[in-house]
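To start, the structure itself, in structure tokens.
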Amino acid sequence: MNNEYYGKLIFELSRSGRRGAAIPDAGCPQVDLPTHLTRAHTVNLPCVDEPTVVRHYTNMSTNNFGVDTGFYPLGSCTMKYNPKINDEVCAHHAMTRLHPAAPDESVQGALEAYWTLQRCLAEIGGMAEFTLNPFAGAHGELTGLMVIRAYHDSRGDKGRTKVIVPDSAHGTNPASAAVAGLKVVEVKSLPDGTVDVQALGALLDDSVAAVMMTNPNTAGIFESNVAEISEMVHKAGALMYYDGANLNPMLGIARPGDMGFDVMHINLHKTFSTPHGGGGPGSGPVGVCAGLEKFLPNPRVVKKADGSFAVTTSPDSLGSISATLGNFAVQLRALSYIMSLGNEGLCQAGPLATLNANYIKESLRDLYKLPIDRVCKHEFVFDGLIDKSTGVTTLNIAKRLLDYGFHAPTIYFPLLFHESLMIEPTETESKETLDSFIDAMRSIAREAATAPECLKEAPLTTPVRRPDDTAAALNPRVTWNDLKTSAQ
């Protein structure tokens, strides 16, 4: 690209003495600050004019990939298009100018929106009550496990210190359990990707606090034995935890509460319309079945007998897990999304996501290895190319997809397969987009057979091609001074 700003740092565009604004003399006398209040060295800031700044950051922004710029088939992350009306609702001045410590009577509208979302999520999840306080999915997992611990402790059952997690689980599951002070026990999956019920039964005893499951699971397969599993777990005195990362295909079709789950979290930023990635923003509401409501974290929003709303606390609560009532802007987006789609719209999301995933899977199965030959839900997993003789790996395929203008799917996860390529198209993608992606994947498979070295050098068109991931992690260079030092 012939662009003087492209690929350069703002410091590289700096020219001594250049500036973007001229500030007139204020007419105030100069004051010499005490030495202890001044810097020992001059601040190293770039000297640039306004057009250079605008063009630099505009060019930088075009290097970002997101759901607003293209297809983002990242497995288990539900990166779907988010309607802009939801952003407008959460950005309304009536909401953005609220103070978290405002008296209840002065923010009744906001509290009603908060309470209404709680009730919507309870209906969608088949739960008795929800808290919106957690700031992310993993934060929700931790909160849910804390609820489970509080429940067992309230019964004097303090010996339940283990959490059983399938080997296909998201990495946050064992991490959250460990942070909650619980020991993680892994249960193996069968070749079809579902939990080995017999192996699970052998692990259940009076030391188990909970079993964490995702349904449909990480391989995109619905755990058809979930009712049997729930019965086994409850008979052993443990609780069932639902990881809501894969709730998207279940919307309006099946509810975790009806499957026998006692506690669940929902990723509002995945399922209910918030652009996410890069660490935020997020929200991980936690729902509980009847009997566990009192353990939810403080504070809570309740509807009083006179129809007004109030922020309350409970002495039986596990305590506070966030400074206020969670990420209000994300909650407003979710409420706007739910109310604008309504029951009919929400009930279409799951089937369309399932249809899109199966359409891609069936269109590529002649070239990519399909380890689980079943109808999937919202996502599915290939085990690399069928033809392994070329030496082309899943990583090569993912890198090459960038040259075709698509974000790469999740790779090397789940760990059930050696060359996992997990694809989740979501319900918002058109057939034309899916066909373009399918064509790209088929072209890559042909290249693997005819020009494998091209794939092993990909991507060829991106500003950054093949960075040394290990070196970047061990020796990060995140400032201009770091780069100058390394160059010297």
Side-chain angles (χ1 to χ4, degrees), residues 61-81 170-171 218-220 245-246 248 270 275-279 353 356-357 359-361 363-365 367-371 376 378-388 390-426 428-430 432-448 451-470 472-473:
S61 72
T62 63
N63 289 331
N64 292 334
F65 193 99
V67 291
D68 286 355
T69 58
F71 182 35
Y72 208 129
L74 197 62
S76 277
C77 278
T78 316
M79 301 290 286
K80 61 184 179 182
Y81 175 77
H170 298 119
T218 308
N246 289 352
N248 204 56
K270 289 185 180 181
H276 71 287
N356 284 352
Y359 176 65
I360 293 179
K361 171 173 67 72
S363 298
L364 295 174
R365 61 180 297 159
L367 295 172
Y368 292 85
K369 184 178 179 181
L370 187 63
C376 66
H378 63 305
E379 65 187 2
F380 63 93
V381 182
F382 283 131
D383 189 6
L385 289 161
I386 291 177
D387 182 4
K388 308 290 187 184
T390 63
V392 170
T393 66
T394 283
L395 176 63
N396 300 145
I397 295 167
K399 293 286 189 182
R400 184 58 172 156
L401 264 174
L402 305 182
D403 288 329
Y404 282 86
F406 295 104
H407 194 283
T410 299
I411 61 174
Y412 298 114
F413 183 80
L415 304 178
L416 299 174
F417 314 109
H418 184 62
E419 289 288 331
S420 289
L421 187 70
M422 184 161 58
I423 299 171
E424 180 182 358
T426 81
T428 57
E429 301 301 336
S430 67
E432 290 76 18
T433 297
L434 301 183
D435 285 339
S436 295
F437 177 75
I438 290 167
D439 289 343
M441 290 289 284
R442 297 190 70 84
S443 293
I444 291 171
R446 288 193 294 270
E447 290 174 346
E453 293 307 315
C454 172
L455 270 67
K456 295 173 184 178
E457 293 294 323
L460 306 175
T461 60
T462 54
V464 177
R465 293 184 55 208
R466 289 204 167 212
D468 187 329
D469 298 335
T470 302

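No experiment lies behind these values; they were computed from the predicted model shown. Residue indices begin at 1 and follow the sequence shown.
Between E447 and V392 the shortest side-chain heavy-atom distance does not fall below 4.5 Å.
Proximity of a side-chain donor or acceptor of K270 to a complementary backbone N or O of S76 within less than 3.5 Å is detected. Between the side chain of T69 and the backbone N or O of F65, no donor-acceptor pair lies under 3.5 Å. Remark: the backbone N or O of L395 is paired with a side-chain donor or acceptor of Y412 at under 3.5 angstrom.
The distance from the OG1 atom of T393 to the NE2 atom of H418 is 9.0 Å, given to the nearest 0.5 Å. A distance of 10.0 Å separates CD1 of I386 from CG of L364, quoted to the nearest 0.5 Å. Distance CZ/F380 to CG/L370: 8.0 Å, rounded to 0.5 Å. The line from CG of L385 to NZ of K369 is 11.5 Å long, rounded to the nearest 0.5 Å. Between atom CG of residue L434 and atom CG of residue D439 there is a gap of 11.0 Å, rounded to the nearest 0.5 Å.
Between the side chains of N64 and S61, not a single donor N or O lies within less than 3.5 Å of an accepting N or O.
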Less than 3.5 Å apart, which donor and acceptor atoms pair up between the side chains of residues 452-464 and the rest of the protein, not counting sequence neighbours?
unit_1	atom_1	unit_2	atom_2	d
K456	NZ	T390	O	3.2
T461	OG1	D403	OD1	2.7
T462	OG1	V464	O	2.8

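Shown here for T218 and V381, the closest heavy-atom pair between the two residues is O-CG2, 4.1 Å. The two atoms that bring L74 and P409 nearest to each other are CD1-C, 3.9 Å, heavy atoms only. Shortest non-hydrogen contact noted between G391 and N396 is O-OD1, 3.9 Å. A pairwise comparison of heavy atoms in C77 and E424 identifies N-OE1, 3.2 Å as the closest pair. Nearest approach of T428 to Y81, heavy atoms of both residues: OG1-N, 3.4 Å. In plain terms, the two heavy atoms of T394 and S420 that are nearest each other are CG2-O, 3.3 Å.
A perpendicular orientation is assigned to the rings of F71 and F406, their planes being inclined by more than 60° (bins at 30° and 60°).
Take D387 and apply the side chain to side chain donor-acceptor pair (under 3.5 Å) test, not counting sequence neighbours, and it matches S389. Applying the salt bridge (charged side-chain N to carboxylate O under 4.0 Å, His left out) test to K399 and every residue at least two apart in sequence or in another chain returns nothing. Contacts of E419 classified as salt bridge (charged side-chain N to carboxylate O under 4.0 Å, His left out), with partners at least two apart in sequence or in another chain: none. With sequence neighbours excluded, the residues forming a side chain to side chain donor-acceptor pair (under 3.5 Å) with K80 are N248, Y337, E427, listed by chain and number. For Y368, the ring-ring contact (aromatic ring centres under 6.0 Å, His included) criterion is met by F382, not counting sequence neighbours.
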One pair to check against side-chain contact (heavy atoms from CB on, under 4.5 Å): M441 and L367. What are the steps and the verdict? CA-CA 9 Å; M441 290 289 284; L367 295 172; over 6 Å; no
Walk me through whether Y72 and T426 qualify under side-chain contact (heavy atoms from CB on, under 4.5 Å). CA-CA 9 Å; Y72 208 129; T426 81; over 6 Å; no
